[in-house]
Amino acid sequence: MKVTVDPDLCAAHGACMVICPEVFRIGDEGWAEVLVDEVPAELEEQVQRAVVQCPTQAISVTVDRSAHAD
Ligand code: SF4
């Protein structure tokens, strides 16, 4: 799973960082940054929670289904 933050939508209050600091941080520009290319499986649930909790819907996730093929 990949995750991105739209800086045009981010209000930079940091809820995502509180929920999953391994994946999100507030960067020097003042907006949330994503720290990983690929979200580790054990953090996917937290990232999904950040998506729901983000008040401006700035976080998007993309699931690479081929990565889960048998
Ligand atoms: S929760 Fe959303 S608005 Fe808040 S810092 Fe994270 S991406 Fe930005």
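Order of appearance sets the numbers: ligands from 1, and atoms from 1 within every ligand.
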Inset, instruction - Could you find the nearest protein heavy atom to atom 5 (S) of ligand 1 and give me its residue, atom name and distance? - result: Gly14 N, 3.3 Å
Legend entry - Interatomic distance, Thr62 atom OG1 to Lys2 atom NZ [nearest 0.5 angstrom]: 8.5 Å
Inset, instruction - Quick one: look at Leu9 and ligand 1, take heavy-atom pairs under 4.0 Å, and tell me if it's side chain, backbone, both or neither. - result: neither
Inset, instruction - For Thr56 and Leu9, indicate whether the former's side chain and the latter's backbone hold a donor-acceptor pair under 3.5 Å. - result: yes
Legend entry - Which residue and heavy atom of the protein sit nearest atom 8 (Fe) of ligand 1, plus the separation: Cys10 SG, 2.3 Å
Inset, instruction - Flag Cys54 as yes if one of its N/O/S atoms falls below 2.8 Å of atom 8 (Fe) of ligand 1, otherwise no. - result: no
Inset, instruction - Show your working on side chain to side chain contact (heavy atoms under 4.5 Å, CB included) between Ile19 and Phe24 and close with a plain yes or no. - result: CA-CA 9 Å; Ile19 293 167; Phe24 302 101; over 6 Å; no
Inset, instruction - Return the residue, atom name and 0.1 Å-rounded distance of the protein heavy atom closest to atom 1 (S) of ligand 1. - result: Cys16 N, 3.4 Å
Legend entry - Shortest protein heavy-atom distance from atom 4 (Fe) of ligand 1, along with the residue and atom involved: His13 NE2, 3.0 Å
Legend entry - Value rounded to 0.5 Å, distance of CD in Gln48 from CD in Gln53: 12.5 Å
Legend entry - Spacing of CZ belonging to Arg49 relative to SG belonging to Cys16, to within rounding of 0.5 Å: 12.5 Å
Inset, instruction - For ligand 1, indicate whether the residue Ala12 contacts it via side chain, backbone, both or neither (heavy-atom separation under 4.0 Å). - result: backbone
Inset, instruction - Rounded to the nearest 0.5 Å, what's the gap from CE on Met1 to CD on Glu45? Could you check? - result: 10.5 Å
Inset, instruction - Specify the protein heavy atom at minimum distance from atom 3 (S) of ligand 1: its residue, its atom name, and the distance to 0.1 Å. - result: Ala11 N, 3.2 Å
Inset, instruction - Could you find the nearest protein heavy atom to atom 7 (S) of ligand 1 and give me its residue, atom name and distance? - result: Ile59 CG1, 3.7 Å
Legend entry - CZ on Arg25 to SG on Cys20, rounded to 0.5 Å: 14.5 Å
Inset, instruction - Run the numbers for me: atoms of ligand 1, each under 4.0 Å from some heavy atom of Thr56, listed by number. - result: 3 (S)
